[in-house]
Amino acid sequence: MNLADSGLLSAAMEASGYTAVEEPADAGVIIINTCSVREKAEERALGRLSNLIRFKRENETYVCAVGCMAQRMGDDILKRVPGIDFILGTEQLFELPRLIAEKNNKPLVSTDMTDNLKFAEFPPVPDNSYRGLVTITRGCNNFCAYCIVPYVRGRERHRDSKTIIHEINQLVEKGVIEINLVGQNVNSYKHQDIDFPALLKQVLYETDISRVRFITSHPKDLSDALIDLFSDESKLMGHFHLPLQSGSDRILKNMFRKYTYDHYKGRVEQLRQARPDIALTTDLIVGFPTENEEEFEMTLDAVREIQYDSAFMFRYSVREGTWADKNLEDDIPEEVKLARLQKLIDLQKEISCEVNQKEIGKVRSVLVDGTSRRDASIWKGKTEGNKTILFSRDEDLLGQVVPVTVERADSWTLHGEMMG
Ligand code: SAH
Ligand code: SF4
């Protein structure tokens, strides 16, 4: 979501005459779009802002903190990093070009969310990109006990499907090959009588986009109609991100996730029936308040049973104002959280490696998005399952979709050879 917002803000800045530069020392405006989902993410953003403030030349460079942390902390950010010129929350960041034009010499803090029920429209992303993020919903109504997102992003707003289709068509005209439909919970998309499966059908049939993905799905709202699309629609890429959070039903209940592990497993089985080689990824939290060793083991068991392709794994981080913060003690010691996290990461790494070995010999359709960081003669791309694959080839393939046979794999990367 933040990447999508950053893209839209770039477009808004470019539309106002700005261009991007490589070095902070050359910049007239430095913008950090922030995340507040965990304390670590905020600490990193504050560190980065402190670092960048030294590039500020009086009255010549503006340093801006925008997005979720700006929404949550407001002018408290100035106590940590004095000298910031703009602090703009999740509903205000797109106003930046206008606000710069009106700037006086005081720091400007704006975290108003009163417009939160309307869905502001922004220009689609700039040219020269073959991958596009298209926001379909903003905000979240779920209030999982640990999560700050509903507080900093407000309630759900769903975009008109006509606008979404129009935007995708515009992106296709600009050369975009793959789109990712973005929302905190895409499964709850509903605009007039169009729900998420209906929207996806429109995207698949009423646009010329070649590859379609979406993120994120909440297991409680994952419908049969959505799963069925995976058996018929080849433009729908074979990857599903389905956050589990915990393998223990008691912890899931306390997190207010509103599903059990059995329900979750049933959804996964049905997805695998619809698209047998679908790549599955997830989010997991360890050390949620009161999680005992046995309940943590249930998460490990779930990971062993489901065999995810990869996972984002976190230790619980208290977020001020959430239900868990107000009602539960953060009672799992940091060293226990860290030990659990390490154990989980080690297990998932092993599983990712095993799962990736099964890719060997398969031909994957790869969208080439650049070259390897270490070796510019090696092309890098993503498979349908969203796995990174590297292969060498003596021609310019940037932005093309090519067939690549997988030859080797480790936990993170596939290596292959292009066919033909
Ligand atoms: N809307 C998405 C997730 C958004 S946040 C969903 O519901 O799946 C991304 C991930 O961050 C979450 O899935 C969760 O695993 C993690 N997360 C959120 N709040 C957290 C917290 N307080 N501590 C640790 N991890 C957290
Ligand atoms: Fe946070 Fe839950 Fe909403 Fe996801 S569904 S953004 S975890 S409150």
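Each residue takes its place number in the sequence, starting with 1. Just follow the structure's listing: the first ligand is 1, and inside any ligand the first atom is 1.
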Spell out, as yes or no, whether a donor-acceptor pair under 3.5 Å connects the side chain of [X] to the backbone of [Y].
X	Y	answer
D221	N187	no
E39	S317	no
R157	R155	yes
N180	L133	no
E291	G287	yes
T90	G67	no

Would a 4.5 Å heavy-atom cut-off, applied to side chains only, mark [X] and [Y] as touching?
X	Y	answer
N142	H218	yes
L341	F314	no
R267	D224	yes

Let me see the working for T281 and H239 under side-chain hydrogen bond (donor to acceptor under 3.5 Å, both in side chains), right down to the final yes or no. CA-CA 8 Å; T281 58; H239 170 220; 2.8 Å; yes
Can you tell which of S317, A324, S36, A311 gets a heavy atom nearest to atom 22 (N) of ligand 1?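 Going through S317, A324, S36, A311 one by one, S317 has the nearest heavy atom to atom 22 (N) of ligand 1.
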Report yes if some N/O of N185 lies less than 3.5 Å from some N/O of ligand 1; otherwise report no.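 By distance alone, the answer is no.
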Any N/O of S217 closer than 3.5 Å to an N/O of ligand 1?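 There is no such contact.
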Which atoms of ligand 1 sit under 4.0 Å from any heavy atom of [X]?
X	result
Q184	1 (N), 2 (C), 4 (C)
R319	22 (N)
R38	11 (O), 16 (C), 17 (N), 23 (N), 24 (C), 25 (N), 26 (C)
P243	8 (O)
Q245	12 (C), 13 (O), 14 (C), 15 (O)
R257	7 (O)
D283	9 (C), 10 (C), 12 (C), 13 (O), 15 (O)
Y316	23 (N), 24 (C)

Give a yes/no verdict on whether any heavy atom in F256 is under 4.0 Å from an atom of ligand 2.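 No, F256 has no heavy atom closer than 4.0 Å to ligand 2.
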Is it true that R257 lies under 4.0 Å from ligand 2, counting heavy atoms only?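 The answer is yes, since R257 has a heavy atom less than 4.0 Å from ligand 2.
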Under the salt bridge (charged side-chain N to carboxylate O under 4.0 Å, His left out) criterion, do E384 and R211 qualify, and how do the steps go? CA-CA 9 Å; E384 300 104 310; R211 292 161 67 107; 5.7 Å; no
Minimum-distance protein heavy atom relative to [atom]:
atom	result
atom 7 (S) of ligand 2	Y146 OH, 3.4 Å
atom 24 (C) of ligand 1	R315 O, 3.4 Å
atom 6 (C) of ligand 1	T216 CG2, 3.9 Å

Answer yes or no for [X]: is there a heavy-atom contact with ligand 1 below 4.0 Å?
X	result
V37	yes
H241	no
I285	yes

Part of M255 within contact of ligand 1 (heavy atoms, under 4.0 Å):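 Answer for M255: neither.
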Could you tell me whether Y146 approaches ligand 1 through its side chain, its backbone, both or neither, with non-hydrogen atoms closer than 4.0 Å?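 Y146 to ligand 1: contacts from backbone and side chain alike.
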Can you find a side-chain donor-acceptor pair between N169 and E173 that sits under 3.5 Å?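 Side-chain D/A pair, N169 to E173: absent.
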Distance alone, cut at 3.5 Å: any donor-acceptor contact between the side chains of S352 and Q348?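 Yes, side-chain donor-acceptor contact under 3.5 Å.
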Give the ring-plane orientation class for Y151 versus F143, where under 30° counts as parallel, over 60° as perpendicular and anything between as tilted.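 Geometry flag for F143 against Y151: perpendicular rings.
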Residue pairs passing the ring pair (Phe, Tyr, Trp, His ring centres under 6.0 Å) test where at least one lies in residues 318-365, sequence neighbours excluded: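 Output for this query lists F256-W323.
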Return the set of protein N, O or S atoms whose distance to atom 3 (Fe) of ligand 2 is under 2.8 Å, each given as residue and atom.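 Sorted hits: C140 SG.
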Centroid-to-centroid, F240 to F214, below 6.0 Å?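 They qualify: ring centres under 6.0 Å apart.
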